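Below: one structure, written as structure tokens.
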Protein chains: 2
Amino acid sequence: MPLPSRVTDLTSFDLLRSVAELGSIGRAAQAHGMSQPSASERLKTLEGRVGVTLLERTSRGARLTTSGQLVAGWAAQVLARAADLDAGITSLRADRQSHLRVAASLTVAEYLLPAWLIALRSVSPDTATVLSAGNSVHVAEQVLAQKADLGFVESTDVPQGLASRVVAHDELVLVVAPDHPWARRRRVTAAKAAATPLVSRESGSGTRQAWEQALTSAGITESAGPLLEMSSTTAIKAAAIGGIGPAVLSLHTVAADVAARTLVRVEVGEVDLHRALRAVWPSGRTPRGPASDLLTIATRSLTDRADRR
Amino acid sequence: MPLPSRVTDLTSFDLLRSVAELGSIGRAAQAHGMSQPSASERLKTLEGRVGVTLLERTSRGARLTTSGQLVAGWAAQVLARAADLDAGITSLRADRQSHLRVAASLTVAEYLLPAWLIALRSVSPDTATVLSAGNSVHVAEQVLAQKADLGFVESTDVPQGLASRVVAHDELVLVVAPDHPWARRRRVTAAKAAATPLVSRESGSGTRQAWEQALTSAGITESAGPLLEMSSTTAIKAAAIGGIGPAVLSLHTVAADVAARTLVRVEVGEVDLHRALRAVWPSGRTPRGPASDLLTIATRSLTDRADRR
DNA sequence: ATGTGCACATAGGCTGTCCCTATGCCTCTG
DNA sequence: CAGAGGCATAGGGACAGCCTATGTGCACAT
């Protein structure tokens, strides 16, 4: 199901946000490098799409109506994530030969790095970051070969020659569609989970390895083969949501779906599915400059969580 | 600063997500109701904008590259929030005369309701919801006059004639720009905070009333007038980020900025800034049907938070 | 009162984007 | 070796969006 076209054009919502900040359509237009009539028309068609009046236009400027405030608030969430996306994309482009090279596992790159990059930008605006994403082995290689200044991995065991610091935590979770039998019980035994074919990544992926390792550690040697192998997290989620079968994914990956009830988390008994996410760097070469800044930012996000109620 | 144009068109990212799910450009095109060549071209221009190859095209379909998985993951966050936005917008339109009428304070409507509405849709897909947002008095009026089936308020005291249940918590927080003197100390006394002019909403807004009441409860009678009054939360945040001065806002409002370090939270000594968010309905008329479902969903989100580590 | 300034709306014309159909090319498979 | 499935390219047409120029309404000052 594609996204409704009502919300696909972020420019108009961004413009609305600017009007809220600047108090006038004309100034918002200026901030966006467009003419005042264009902005005026855009906002009018936006109101048409939304179906309610968003702006109270006066000869002294424009203010948001109550509905306008709501829409602007919801839109702000979208725009914030879009800013993350943009920061991520920037880090993928290797066009400027930057001076902070980061290697990270997919989980870290997907869920934590964009916010760190934005924070880093406010500390040292001129640092362009280049990201190389891959599995733990890839990250270790990049860091050891000094092709990356800093790495982030989700292994429990840190490769030889690397120093590390825990920067965040992750957890594998077993999820099922809401109408799956397990959804009501919210808990299965490790043996039962192991004996059930799952929707999973291809063998060799970090998530799948971690799951199998966790089962082995719990003393479970036999486990069923996968029900279906898919190449991307998104595809696995879609399959699980569609009711194909249970899936094991990173908590970060499914948090939104669990909150929205499109997936239900099922506890797995007696298995430690927790894993630390670590920053890594070559032993003895303490990160300096931007790498050090990024390390600080990453570490700080850990203490912050504890700050909060 | 407007959003970069690279990320303003969500359609292309949505299409990318579909390719990840369905395994082929053609099927993704079909799912979006467009022709295969259009999808192919869109994805190509998307790759051009992003600057890296996102898809591995084979004669058997298309798969995401590692970069493609990252971009798709980041985009999924944006799309999820866009879905919230869409759900919110739908609730603002009164075009279908729906049968679930909800009145909510701005804080609840902005930060909690969209997810609830999406969850509700999966429970009873045919329920269209109409939202009326306003302050606590407005909500109480709507509910008492039976113009709303369910209300959500952030007052500490529930109006006469209404039954209530706590569904979430909120907290007022004092925030300053990172270069503000208070940012280093991370804590000020209540008296000092009260004596400092703040950027705030116009008098009469729920947030401002709550702040003044909290100070009064802490035995502080004198407080400085506002430094600057602005009509929208967004504008206040922009002013605070710009370093105009400290601001008091809902935790939900600033959580993202605090995480991204564009704002710094400052603890205020000896003042209780916590407030419960409550669902309200007419005493003796227990919600039934969709209203009851929504109440369940809202309550459930409270217990969930405790579930998480 | 009346003029002036500011802000938004409307009009007209143009450019560019985006989409569709038709077709070509490649690869895997039977 | 032929057919099917999948993606890319080509060409043409529709429409959305932007710009400049101008109109309209309100507030405030003289």
Side-chain angles (χ1 to χ4, degrees), chain A residues 2-65 67-68 72 230-232 235, chain B residues 2-50 52-65 68 72 230-232 235:
Chain A
L3 200 65
S5 68
R6 236 179 343 190
V7 295
T8 48
D9 175 31
L10 294 191
T11 311
S12 300
F13 290 102
D14 197 24
L15 189 61
L16 182 68
R17 189 180 60 84
S18 290
V19 174
E21 267 182 41
L22 303 173
S24 109
I25 295 178
R27 274 195 292 277
Q30 204 176 353
H32 283 252
M34 62 168 49
S35 72
Q36 172 265 317
S38 300
S40 179
E41 193 186 338
R42 267 201 105 93
L43 290 166
K44 201 166 81 172
T45 64
L46 178 64
E47 284 182 322
R49 276 204 295 270
V50 171
V52 297
T53 305
L54 301 174
L55 290 172
E56 197 177 307
R57 286 148 240 245
T58 75
S59 65
R60 313 280 300 153
R63 302 172 31 136
L64 297 188
T65 61
S67 296
M230 313 202 72
S231 59
S232 85
Chain B
L3 199 66
S5 67
R6 233 177 347 186
V7 295
T8 49
D9 174 32
L10 294 192
T11 311
S12 300
F13 291 103
D14 197 24
L15 190 61
L16 182 67
R17 189 179 59 83
S18 291
V19 174
E21 268 182 40
L22 302 173
S24 111
I25 295 177
R27 274 195 291 278
Q30 203 177 353
H32 283 250
M34 62 168 48
S35 72
Q36 171 266 317
S38 300
S40 179
E41 193 187 338
R42 269 203 104 94
L43 291 166
K44 201 167 81 174
T45 64
L46 178 64
E47 284 181 322
R49 275 204 296 271
V50 171
V52 297
T53 305
L54 302 174
L55 290 172
E56 198 177 307
R57 286 148 240 244
T58 74
S59 65
R60 313 280 302 154
R63 301 172 32 134
L64 297 188
T65 62
M230 312 202 74
S231 61
S232 85

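No experiment lies behind these values; they were computed from the predicted model shown.
- Contact check on B:R63 versus B:E21 returns no salt bridge, with no Lys/Arg side-chain nitrogen under 4.0 Å from an Asp/Glu carboxylate oxygen.
- Reading DNA chain D from its 5' end, the first and the last nucleotide to sit under 4.0 Å from a heavy atom of chain A are D:dG17 to D:dA27.
- Residues A:D9 and A:S12 have side chains that bring a donor and an acceptor to within less than 3.5 angstrom of each other.
- With contacts defined as side-chain heavy-atom distances shorter than 4.5 Å, the pair A:M34/A:R42 qualifies.
- Checking side-chain atoms of B:T65 against main-chain N and O of B:G68 turns up a donor-acceptor pair under 3.5 Å.
- Here the side chains of B:L15 and B:L43 are in contact, with some heavy-atom distance below 4.5 Å.
- Of all the residues in residues 54-65 of chain B, B:S59, B:R60 reach under 4.0 Å from DNA chain C with at least one non-hydrogen atom.
- Between B:S5 and B:T8, the side chains place no donor N or O within less than 3.5 Å of an acceptor N or O (distance only, hydrogens not considered).
- B:T53 places no side-chain N or O within 3.5 Å of a backbone atom of B:L55 that could act as its donor or acceptor partner.
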Polar atom pairs (N or O), protein with nucleotides 16-20 of chain C, under 3.5 Å:
from: C:dC19; atom 1: OP1; to: B:R42; atom 2: NH1; distance (Å): 2.3
from: C:dC19; atom 1: OP2; to: B:R42; atom 2: NH1; distance (Å): 3.4
from: C:dC20; atom 1: OP2; to: B:S35; atom 2: N; distance (Å): 3.0
from: C:dC20; atom 1: OP2; to: B:S35; atom 2: OG; distance (Å): 2.9
from: C:dC20; atom 1: OP2; to: B:S38; atom 2: OG; distance (Å): 2.5

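- When side chains are defined from C-beta on, B:L54 counts as touching B:L46, because their heavy atoms get closer than 4.5 Å.
- The heavy-atom pair separating B:A29 from B:S35 by the smallest distance is CB-O, 3.6 Å.
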May I have the step-by-step check of salt bridge (Lys or Arg N to Asp or Glu O under 4.0 Å) for A:E47 and A:R6, ending in yes or no? CA-CA 10 Å; A:E47 284 182 322; A:R6 236 179 343 190; over 6 Å; no

